[in-house]
Amino acid sequence: MYLGVDYYPEHWDPSMLSEDIEKMKEMGVNMIRIGEFAWHLMEPSEGQYDFSFFDEVINRFKAEGIAVMFGTPTATFPAWLVKKHPDILLEDEQGNPKSFGGRRQYCYNSKNYQTYSLAIVEKLVTHYRDESGIVSWQIDNELGHEGSDMCYCGQCREAFHTYLSINYKSVDELNKRWGTIFWGQTYNAFDEIPVPKPTITVHNPAMMLDWARFRSESLSGFANMHLNLVKKLKGDHQEVTTNLPGGFFGKWFDHNEFSRDLDFVSYDNYPVWGGLTEPVSPAFLSFTLGFVRGIKRENFWIVEQLMGAQGHDIIGYLPRPGQAQLWSYHAFAHGCSNMLFFRFRGMNRGAEQYCLGIIDANNTRSRKFYEVQEVFKEVRKHEEVFQIPIKSDVAVIYDFDNIWSMRIQQQSSQLEFTNELMRLYQPFHEVNVSVDVLKYDHDFSDYKVVLVPVLTLVDEELAARLKAFTNNGGTVIFSFRAGMKNKDNNIPLGENLPYQLKDLLGIEIVEAESLHAGQQVSIISKDGNENGQGQVWRDLIRTTTADALYSYSDRFYKNYAALTVNEYGNGQAYYVGTGADASVLSDLALTVLNDQGISFIESEPGVEVVVRGRHAIVMNHNHEEAIFDGNELQPFETKILEWNKI
Ligand code: GAL
């Protein structure tokens, strides 16, 4: 098991190295991650490669038994490169190139950037392929993060035309499927098609979805070029990964498209960042790790784990004593198998002076140092528990086409895919049920429950798989707006909604209403005993074969169902037609868990329990003491208990 730190030796005077190594050993480090922003140091001018600085660093660490993960340095290109080839810069929607000075301001479709970046990677990996000290390569750094997934330059425009001509074969086919007859937008040739820079009103939604797919393909094309090159050149003892950033569904790329071929998936875990006044919720944190675990359906690495407060300009919340430790144990509980903390020492110059690390600029051991030391000790003690694969009975599925379609046409100002995913996820998390987060193309037939948040876009194949899953005894829970559109991002003609899902769900959506901030509707249970609220959206549902569990209770629409269940083969299909409140959904989750015979664990709010094998990892996220199963937990304390109750 590797436990270590992100280290940037080039930031410091070489005379500090010995002392840094000593401190790392004292902390329990057996891996450092280096190199990912140091292109200029390796190629100070075009074609002049020099790896001597890192040769020395790697040797020094190797002598101490500390392994290296080496990052390819292509997230920050040297100034000489952009001076010679300004066309490597990505352009914003106003046509302005980004300036040199930050990071990742390159265009994935720039031929010059592809050539130069592959050249440095080739030299670097060839130089170190036999280096036993390097056990792993990281491609670039947080591909597509911080807005670097979008570019409107001329090279992207040309590549977009090629992408469309490959996918549609003829411009007539494109005109038909995009519906360009509307507003007289018919194209005579692919090269007439714009990139979606600002216009008056809005662009064609079918075109926008293809643009999103094209952005994703641009990024994964670039990532895969690098991945394939490193795989071809590296030593057999070396593995390849890349570090995924957070904010998954706010990106214009599908992480799965370049991550499944990695030797292992890595993630940068920041439960709080920048100006956030408080960390994300435990449920949200668990969902993020479920997403990372879901890419390959296996345990993963964290190569940046937060220890100090972070921010480029505004600094965020300072983790309370023990809280960042809790987040580390939480990550291990949810499938992290190896962990590196960001970063060994905060940098006192340059852009990230306020991205604090384990050691601050005063260069002395403090609370954070001892917290990391303790995490490493405890995790090693329980290594066996943390290596056990995670098997969940519940999965939530997503499809980036669907998410992009909703970002293109939000429909309700309150509709955000991540929130709607969390609405279905949270009630299961509350009773400590493990939920995997999967792209829809995974085989989900071995789960018992599949959650399907706002699947606006649906294709025949996915609908058929969901039907087969339910027919075989599974439970599927859809939320509103399901089956609204086809994969061209168009509303099907002559179909009652939900498209492709009517028989599975036993309902028809008669009309629908978007609910904006502050608007909510009342719903009432079938027996009249329970009242609830709906936000964001409401579908007015007419049941065909389904049973109405809740209906709306307002004067005009009280004859319509709001939440339904349909018996389908050996299973059940639920439809939650509005953004139902937590208590309605908690009841629903408990019903489904009981029906499917899935065991769950009740704990007080903020106390999370993850069962791994015969152990329960119990985590108190609260700022106060808590009790679980007779065990007292201090604020942010984690306990690993023997557990034979499930
Ligand atoms: C990450 C990034 C690191 C560093 C860190 C600061 O997103 O990969 O290079 O910028 O944030 O918190």
Side-chain angles (χ1 to χ4, degrees), residues 4-12 31-41 68-77 98 101-106 136-149 219 223 226 241-248 250-251 253 255 258-259 262 265-276 279-280 285 288-289 291-292 300-319 323-324 327-328 331 336 338-361 368 372:
V5 291
D6 301 313
Y7 185 51
Y8 303 90
E10 69 276 20
H11 295 174
W12 314 108
M31 175 179 267
I32 53 165
R33 169 174 163 266
I34 58 174
E36 76 268 22
F37 299 118
W39 185 341
H40 187 274
L41 191 61
V68 171
M69 172 181 284
F70 206 112
T72 64
T74 52
T76 48
F77 50 78
K98 291 283 174 207
R103 61 177 167 181
R104 231 182 294 95
Q105 348 60 323
Y106 61 83
S136 175
W137 292 101
Q138 171 190 303
I139 308 279
D140 202 281
N141 186 78
E142 296 191 333
L143 286 153
H145 196 36
E146 296 164 332
S148 61
D149 51 358
L219 187 150
H226 281 254
T241 189
T242 187
N243 55 336
L244 301 179
F248 317 122
K251 304 279 198 265
F253 63 89
H255 310 59
F258 58 90
S259 300
L262 301 171
V265 175
S266 299
Y267 179 54
D268 293 346
N269 192 28
Y270 291 91
V272 65
W273 211 92
L276 286 185
V280 299
L285 208 51
T288 58
L289 301 171
F291 175 95
V292 180
F300 54 89
W301 289 45
I302 287 181
V303 296
E304 294 186 18
Q305 174 76 16
L306 170 140
M307 181 40 72
Q310 303 289 314
H312 283 150
D313 46 5
I314 305 292
I315 312 175
Y317 172 97
L318 175 66
Q323 195 169 16
W327 292 330
S328 314
C336 169
N338 298 269
M339 178 179 281
L340 311 177
F341 277 91
F342 186 85
R343 47 186 286 170
F344 175 66
R345 182 172 42 238
M347 175 54 160
N348 63 324
R349 291 158 295 141
E352 294 204 333
Q353 296 178 32
Y354 299 128
C355 291
L356 299 175
I358 302 168
I359 292 181
D360 293 331
K368 295 182 286 182
V372 173

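Counting starts at 1 for both ligands and their atoms, following the listed order.
No hydrogens or angles considered: a donor-acceptor pair under 3.5 Å links the side chains of E304 and Y270. Checking Y317 against Q323 by side-chain atom types alone, a donor-acceptor pair falls below 3.5 Å. Side-chain contact annotation: N243 with S266, donor-acceptor N/O pair under 3.5 Å absent.
Residues with a heavy atom under 4.0 Å from ligand 1: F37, R103, N141, E142, D268, Y270, W273, E304, Q310, F342, E352, C355.
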> Checking salt bridge (charged side-chain N to carboxylate O under 4.0 Å, His left out) for the pair E36/R103: CA distance, chi angles, key distance, verdict?
Replying inline: CA-CA 11 Å; E36 76 268 22; R103 61 177 167 181; over 6 Å; no
> Between M69 and D6, is a side-chain contact (heavy atoms from CB on, under 4.5 Å) present by the stated rule, with each step listed?
Replying inline: CA-CA 9 Å; M69 172 181 284; D6 301 313; over 6 Å; no
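Using a distance-only test at 3.5 Å, with no hydrogens or angles considered, no donor-acceptor pair links the side chain of R343 to the main chain of I359.
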